[in-house]
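Reading through the structure tokens given below for one structure.
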There are 2 protein chains.
Amino acid sequence: MARPRSFDPDDVLEVAREVFLRKGYQAASLDEITAASGIAKPSLYAAFGDKHALFLRVLDRYHDGILGWAERVLAQPGPARDAIRQWLTGFVPYCSGAKGARGCLSINAATDGSLDQAEIRKSIERYNRRLEQLLRARLNADRAQFKKGFDPDLTAHTVMVVHTGLMTLAHQGSDAKQVQAVIDQVMTLLA
Amino acid sequence: MARPRSFDPDDVLEVAREVFLRKGYQAASLDEITAASGIAKPSLYAAFGDKHALFLRVLDRYHDGILGWAERVLAQPGPARDAIRQWLTGFVPYCSGAKGARGCLSINAATDGSLDQAEIRKSIERYNRRLEQLLRARLNADRAQFKKGFDPDLTAHTVMVVHTGLMTLAHQGSDAKQVQAVIDQVMTLLA
DNA sequence: TCCGTTATGTACTCTGTAGTACACAATTGG
DNA sequence: CCAATTGTGTACTACAGAGTACATAACGGA
């Protein structure tokens, strides 16, 4: 009973993600989000709470999306190196492609000093931990594919560092070919 | 003639850098900077212009500092690999050490969506270009130290990617030993 | 000592924006 | 068709913070 919602919350979260990605947390105004999504402020507050809570919802949703995709790509059969290369390569169009070099919402949030809120930090740390854990698990499972002395844990972390660096630099516009060349060079560490 | 300044502009720029680093551009209020530096707002405006101009001054100063240091470290004699390792290692305490893991002002600014101002972008791009150029020059000069097929330009860029990744992750608190391990692993690419 | 000039401090204006009060619309159940 | 309930839109409030007007203080020069 009662009046039903006139909008799909997921759609609003998509729009909000775009705005947060483009403007950053502070500079993204709720007026901009309501204008872009077409719904009015009271509806937004009723559905998601205040700005901070909305951002947290958007961020968690973003994290879940990337993690789900990473799980799929990293679970594929064949050499671990190919899976990880594909995982890294998958970010190239996502962050420096046609949609514009907007970088990664999570990294932007992590480097945004105004967001030292505990919940945001926790969400980001959990996300990074889980990503790295996926890499580590795959490298450990396939450690027989590598030379003696290969360190799966360290290499997983190094791949995370490279990933983070690429996503950060992508924000200021990277050349896709160069990004791919870096990925290929780093992949020689998986031997 | 006329009344002299009661403060050293460089001191104020230091203080402003701290605040911008801790809070980010948007969230750093001028009230906070004036409070921390002890000077009043009109003096600040008279000396540096508006908030944007102040930030640009701070950023340029920061860039100059890092570039000067990089020039010195990368000019040292001996194997290029050692110089570059030392350069990378130099950032560890700077960004994840006792002063707290606050990351890099330039990277924070680059990932801050609210700062798509042309001048800021230009300053950051110029900085990155010059850093990478220093690495490239050194690797090219010492290319005889490396195996046949070694690509100095690509490797310089890869080192930049790793540097950026480390600085970005340092922002959320890295373990110094792990950072060093990553650096050492990546240094095996310089062979 | 007086004047011109430049810095300083107080106290303000103005604007952008987060958050909300309230009247109204839309729906379900009786 | 009515009532209860929940979403919606307009219009507001509250407030933080960027930028400034103005009176005053500190200096050098004549």
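In the text below, chain A, chain B and the rest are named by the order of the sequence lines, each starting its count at 1.
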**Request:** Provide, to the nearest angstrom, the distance between the OH atom belonging to A/Y45 and the P atom belonging to D/dT10.
**Result:** 17 Å
**Message:** Just N and O in the side chain of B/K51: are any of them under 4.0 Å from OP1 or OP2 of D/dA18?
**Reply:** yes
**Request:** For B/L44 and D/dG17, give me the distance from atom CG to atom P, rounded to whole Å.
**Result:** 15 Å
**Item:** Backbone N/O of A/V73 and side chain of A/Q76: donor-acceptor pair under 3.5 Å
**Value:** yes
**Message:** Need one value for A/P42: base, sugar-phosphate or nothing, where a base atom within 4.0 Å counts as base even if backbone is also close, heavy atoms only.
**Reply:** base
**Request:** Would you mind reading off the distance between A/I39 atom CD1 and D/dG9 atom P, rounded to a whole angstrom?
**Result:** 9 Å
**Request:** Would you mind classifying the nucleic acid contact of A/A28 as base, sugar-phosphate or nothing, using non-hydrogen atoms under 4.0 angstrom?
**Result:** sugar-phosphate
**Item:** Among A/E71, A/H63, A/E125, the one residue meeting side chain to side chain donor-acceptor pair (under 3.5 Å) with A/R130
**Value:** A/E71
**Item:** Charged tip of A/K51 within 45° of A/Y25 ring normal and under 6.0 Å
**Value:** yes
**Asked** Just how far, in rounded Å, is C1' of D/dA26 from CZ of B/F7?
**Response** 15 Å
**Prompt:** Between B/D31 and B/A2, who's closer to the 5' end of DNA chain D by nearest nucleotide?
**Reply:** B/D31
**Item:** Atom-to-atom span, CZ of A/R3 to P of D/dT6 - whole angstrom
**Value:** 14 Å
**Request:** Heavy atoms of chain A, cut-off under 4.0 Å: which first and last nucleotide of DNA chain C, 5' to 3', fall inside that, if you could look?
**Result:** C/dT17 to C/dT28
**Message:** Exactly one of B/T158, B/V159, B/V162 should register a side chain to side chain contact (heavy atoms under 4.5 Å, CB included) with A/V182. Which one does?
**Reply:** B/T158
**Request:** Begin from the C-alpha positions of A/R61 and A/D64 and carry the test salt bridge (charged side-chain N to carboxylate O under 4.0 Å, His left out) through to its verdict.
**Result:** CA-CA 5 Å; A/R61 193 179 149 82; A/D64 289 344; over 6 Å; no
**Request:** Could you check A/L88 against A/M187 for side chain to side chain contact (heavy atoms under 4.5 Å, CB included), going step by step and ending with a plain yes or no?
**Result:** CA-CA 10 Å; A/L88 276 175; A/M187 281 304 115; 3.5 Å; yes
**Message:** Taking the nucleotide of DNA chain C with the nearest heavy atom to each, does B/S6 or A/P4 sit closer to the 5' end?
**Reply:** B/S6
**Request:** Determine the interplanar angle of the A/F91 and A/W87 rings, folded into 0 to 90°, and report it as parallel if under 30°, tilted if 30 to 60°, perpendicular if over 60°.
**Result:** perpendicular
**Protein-nucleotide distance (A/K41, atom NZ; D/dT13, atom P), rounded to Å** = 14 Å
**Asked** Taking atom C1' of D/dA18 as reference, at what distance in whole Å does atom CD of B/Q26 sit?
**Response** 11 Å
